[in-house]
Student: 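Right, I'll just put the structure down here and ask away after.
Numbering of ligands and ligand atoms starts at 1, following listing order.
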Amino acid sequence: MGKREKSAITVAALEKAIRRHNRLYFEKQSPEISDYAFDRLVEQLRRLRPDSPLLSEIPSESAPGTSRFAEVRHTSPMLSLDKCYREEDLNDWMDKFEGEVVASPKVDGCAVELRYDREGKLILAATRGDGVAGEEITENARMIQDIPQKISPLPLAGEGLGVREIRGEIYMRLSVFKNFKDSFANPRNLAAGAIKQKDPKKTGEYQLSFFGYDLLGVPFKTEWEKMQTLRSLAVPVVEIKKVPREKRQEVYDDFLGHRGSFDFETDGVVFKADRIEEQKRLGNTAHHPRYAIAYKFQGDSGKTVLKDVEWSVARTGVITPVGIVEPVELSGATVTRVSLHNYGLMKQKGVRIGAKVLMIRRGGVIPNLESVIEAGRGSVVEAPKRCPSCGAPTEIRDDFLHCTNAKNCSQTKVGELKHFVQVTEIEGFGDKLIERLYENGFVQDPADFYLLTKEQLLEIERMGEVLATKLIGNIQAKRELPLDLFLRALGIRELAKHTSKILTKEFGGLTRLFKVTEEELSAIHTVGEVIAKEVVAGLKKKRPLIEKLLKHVRIPSPLRGEGQGEGDRGKPFHGKKFLFTGSLLSMERREAEKRVEEKGGWVASGVTQELDYLVVGDGGGAGSKLEKAKKLQAKGGKVKIISEKEWKEMVGL
Ligand code: IVH
C-alpha cells in the first residue's frame, strides 16, 4: 500500500471517529473518551489534513431534526474556542498580536445569545446550536435570575439595527448541582436539559446561573472595558484578570490551583487579546476567533474497572448505587468509590461487573463514572429486592429504587439525624457517633438531640467526661435557629437552601407557612409546581416533629432580605414588600430594587398575600403579576398597585 493511500485511510478513520465522539458527547451526552483524548484526535487530523472541513465544523448540540424550538439565525456566527494544553502553544498564539491579555476561567455550561431591543428590553434568547443557527429559548431564559430582563440603553456602533446582543454561558452552580447529583451525571448536561424545558417554570426550578462574555453592537477599545460595561449593566461576568504577557503561565497555574474553590465546573482558562483593534486584525476561522484560546486543564480523567456495586440508603429512602472501582488517580486524588446516581441512570449506562469505565473528576471536585467503554461479559447489576438497611421490600418508582419502609428504616432515620446536625452545624457529632446514639435509642429524631444527657453520652464507647460535656454544650449553643435554617434542617425534599430562604423572605414565620397553599407557592418566581407540592406535603408530614422541636428551639423574628436586619427598623419602608412588573422607564430593575432595600423594604419574588406594593413600570408590558394582584385586591387583599411615578414619589425622587 502506498504512503498516500495509507494516510488517506487514516484521515477518513480519524474523521469518522471524531464525528462519532462528537455525537456521543453532544447528542447522547455520554462520551467514551476524555476531552483530552478527543482533542488529541483533532490535533492528529489537523496535522494530517489541515483543510479537513471537519476542523471548522461546530458540532450541533442536538440531533438534526429533533428540536421542538423555533430556529434562530445568529446575527454573526457563534463560534467555538481554539484550545491548547501546553505553554508553548499558548506562547505561539500570543506571538501573533500585541498588547496585554485578559484571562478568565472557562465555565462548563451552554453558550447562549441574548438580544435586547432599542429600549434595552430582552426580546430573544437562543442556544448556540451549530453556530449559524440555534434554538429559541426566550421564555426559559427569562426564568434565570442572572439574566437581566432589561439593560440600560447603550450607544450603538454605527448604524446598527437598534439591537444589542449579549453572549455568554448558562451554567449550574455546583452548590445547586449538589441537590441533583443523585439524578444527573454532571452540571453541564443538566443545564443543557434545563434550558430546553417545554415549561419555562421547570427551567426556573433548576436555578441556573449565567455569565456574559461578549457584548455586540457597542464599540469598545479593550476587552477589559467591555467586561466592565457588562458588569455595569448588572450582567454577571466571570472573574477576569488583566495579565501582562510574561505572567500568562502564572495566571493559568493560579486558576488551576484554586479551581476547586469555584462554585462552577471549570476545565481551563480562556485567554483573549485585550485590544479590540488587534482582535479585529486577527479575525476568525470558521471554527473560532483567533484572538482567543482556551488553555485547558488536563489529567483529570482515567480508565478503570468496575469491581462491584454497593447500595446505600439515603435519608429520603432512595437506595443509591455506588460503584466500587479499581483505584484510579484523578487530579491528584485516588478514587475508589463513585456514585452511580440512581438506578435508572445506572441501567442506562449498561453497567456490568468487570466493565471497563471512563472516570472523570470534573472541575477537580466530583468524581464521576462518565461512561462504559467496554461492558464485558460480567454479570448485569440488578437492583436488590430488599433494603440493605432494614430488609424491607424495595420498589422501583420512576428511575429510583426505594425502601418501602422508609419511615422506619434505620438508615433513613440516621440520615435524617445526620442532615439535621449538618445543617444546624452542631459540632462534634460525626456519622459514627450519630449511628451509635440511634442504635442505643437515645436519639430517634432530631428533637431528641436537645434531650440528650451527659450520662447517656457516657454510655457510648470511648466517650469521656470532657468530651461529653463539650458535646452537650454544642447542642445548647444551637437552641436558636433562624427560620431558613430550621426549615432546611427538617430534610423535606425540595426544601433546600434556596427555597428555604425564599419561603422565609416571603412568609416570615411558621404560623403562616402552615397555612400556605400549593397555588400560593407556585406563584413565586423559581418555585414551580413540583417544589410547591413537595413543600406543602412535607410541612404537613413533619408537623409533629416541628412541634416537638419548637419545645427546645427558638426561631428569632423573621429574617429579612439581605442587609435588612434590625437596623432597618427606623427606615421608611421597614417591613414593606415591593414587587416590580413591566418595564421601568426611570431606571433599571436592579437599581430600583436596591433603592427599596436602602429604605429598609424588601423585594418580593412573587405576588402573594404578603405583598404590600406592586409597582407597575411606566414603560408598559405588565402581565400576569398585575392580573394576580388585581385578583387579590378583589378578594380584599392588602396589596396596593402603584405606578412607577407614584413609587418614585414614595422614594423621594
Ligand atoms: S469567551 C468564542 N470566556 O466555551 C467566543 N467563553 O468551548 C469567546 N466559555 O464558545 C468566548 N467560559 O461558550 C469565553 N470565560 C469564558 C468562557 C467561555 C466558557 C464557552 C463559550 C465558548 C465555549 C468553547
Side-chain angles (χ1 to χ4, degrees), residues 22 25-26 31 35-36 38-39 42 55-61 74-85 93 101-114 125-132 134 137 141 146-147 165-173 186-189 191-192 195 208-216 220 222-224 226-227 230-231 235-243 251-252 254-256 259 262-274 276 278-280 282-298 362-363:
N22 260 336
Y25 184 88
F26 284 103
D35 284 7
Y36 180 56
F38 176 80
D39 293 340
V42 175
L55 293 170
S56 50
E57 249 175 50
I58 294 177
S60 184
E61 294 153 339
H74 301 306
T75 45
S76 61
M78 278 187 85
L79 299 176
S80 189
L81 277 170
D82 195 10
K83 357 179 173 174
C84 69
Y85 284 91
W93 168 78
V101 288
V102 290
S104 54
K106 185 171 181 310
V107 179
D108 207 6
C110 312
V112 280
E113 65 160 90
L114 308 170
T127 63
R128 176 165 66 186
D130 64 2
V132 177
I137 51 153
D146 279 351
I147 294 183
E165 197 174 301
I166 293 175
R167 289 183 177 180
E169 200 85 352
I170 289 178
Y171 66 99
M172 181 175 272
R173 290 185 183 280
N186 64 62
R188 199 203 84 91
N189 287 1
I195 54 169
L208 297 171
S209 301
F210 172 80
F211 80 86
Y213 53 64
D214 206 357
L215 178 54
L216 277 60
F220 291 108
T222 63
E223 192 65 29
W224 182 258
K226 188 197 288 175
M227 291 301 139
L230 273 176
R231 205 169 266 151
V235 176
V237 289
V238 74
E239 180 182 347
I240 180 163
K241 290 184 178 169
K242 199 182 249 196
V243 190
V251 166
Y252 172 87
D254 187 38
F255 277 129
L256 178 62
R259 68 188 290 201
F262 291 127
D263 196 10
F264 48 77
E265 275 198 352
T266 167
D267 55 354
V269 180
V270 177
F271 285 89
K272 290 190 222 173
D274 188 36
I276 304 287
E278 283 295 82
Q279 292 191 358
K280 284 194 182 138
L282 289 166
N284 303 322
T285 72
H287 176 267
H288 59 259
R290 290 196 192 85
Y291 59 80
I293 196 163
Y295 184 7
K296 295 192 64 176
F297 303 139
Q298 57 163 286
R362 293 181 160 266

Student: Is Tyr171 touching ligand 1 with its side chain, its backbone, both, or neither, if touching means heavy atoms under 4.0 Å apart?
Tutor: neither
Student: For ligand 1, is there an N or O atom under 3.5 Å from any N or O atom of Ser104?
Tutor: yes
Student: Going by heavy atoms in the side chains, are Ser104 and Lys272 under 4.5 Å from each other?
Tutor: no
Student: If the cut-off is 4.0 Å to any non-hydrogen atom of Ala111, which atoms of ligand 1 fall inside it?
Tutor: 13 (O)
Student: Which residue and atom name correspond to the protein heavy atom nearest atom 2 (C) of ligand 1, and how close is it?
Tutor: Ser80 O, 3.3 Å
Student: Backbone N or O of Asp108 within a donor-acceptor pair of the Glu265 side chain at under 3.5 Å?
Tutor: no
Student: Check each atom of ligand 1 against the heavy atoms of Leu79 and keep those under 4.0 Å away; list them by number with element.
Tutor: 2 (C), 10 (O)
Student: Indicate yes or no: does an N/O atom of Tyr213 lie under 3.5 Å from an N/O atom of ligand 1?
Tutor: yes
Student: Which bit of Arg167 is near ligand 1, meaning a heavy atom under 4.0 Å away: side chain, backbone, both or neither?
Tutor: neither
Student: List the closest protein heavy-atom neighbour of atom 9 (N) of ligand 1: residue, atom name, distance to the nearest 0.1 Å.
Tutor: Glu169 OE1, 3.7 Å
Student: May I ask you to test the Asp274-Val101 pair for a side-chain heavy-atom distance under 4.5 Å?
Tutor: no
Student: For atom 10 (O) of ligand 1, which protein heavy atom lies nearest, and how many Å away is it?
Tutor: Arg128 NH1, 2.9 Å
Student: What are the atoms of ligand 1, with element, lying closer than 4.0 Å to any heavy atom of Lys272?
Tutor: 1 (S)
Student: If you take the nearest heavy atom of each of Val270, Asp82, Leu81, which one is closest to atom 3 (N) of ligand 1?
Tutor: Val270
Student: Quick one: does Pro105 get a heavy atom under 4.0 Å from ligand 1?
Tutor: yes
Student: Which bit of Pro289 gets closer than 4.0 Å to ligand 1, counting heavy atoms only: side chain, backbone, both or neither?
Tutor: side chain
Student: If I take atom CD from residue Glu169 and atom NZ from residue Lys106, how far apart are they, to the nearest 0.5 angstrom?
Tutor: 6.5 Å
Student: I want to check something: taking the side chain as every heavy atom from C-beta on, are Trp93 and Cys84 in contact at a cut-off of under 4.5 Å?
Tutor: no
Student: Below 4.5 Å, heavy atoms only, C-beta onward: do Ile170 and Thr127 meet side chain to side chain?
Tutor: no
Student: Quick check: do Val238 and Phe264 have side-chain heavy atoms less than 4.5 Å from each other?
Tutor: yes
Student: Do any nitrogen or oxygen atoms of Gly168 lie less than 3.5 angstrom from nitrogen or oxygen atoms of ligand 1?
Tutor: no
Student: Arg259 vs Thr266, test: side-chain hydrogen bond (donor to acceptor under 3.5 Å, both in side chains). Steps then yes/no.
Tutor: CA-CA 7 Å; Arg259 68 188 290 201; Thr266 167; 5.8 Å; no
Student: Would a 4.5 Å heavy-atom cut-off, applied to side chains only, mark Phe211 and Asp146 as touching?
Tutor: no
Student: Among all protein heavy atoms, pick out the one at the shortest distance from atom 19 (C) of ligand 1; state its residue, atom name and that distance to 0.1 Å.
Tutor: Val107 O, 3.1 Å
Student: Which residue owns the protein heavy atom closest to atom 7 (O) of ligand 1, what's the atom, and how far is it?
Tutor: Lys106 NZ, 3.0 Å
Student: Is the shortest side-chain heavy-atom distance between Val42 and Lys83 below 4.5 Å?
Tutor: no
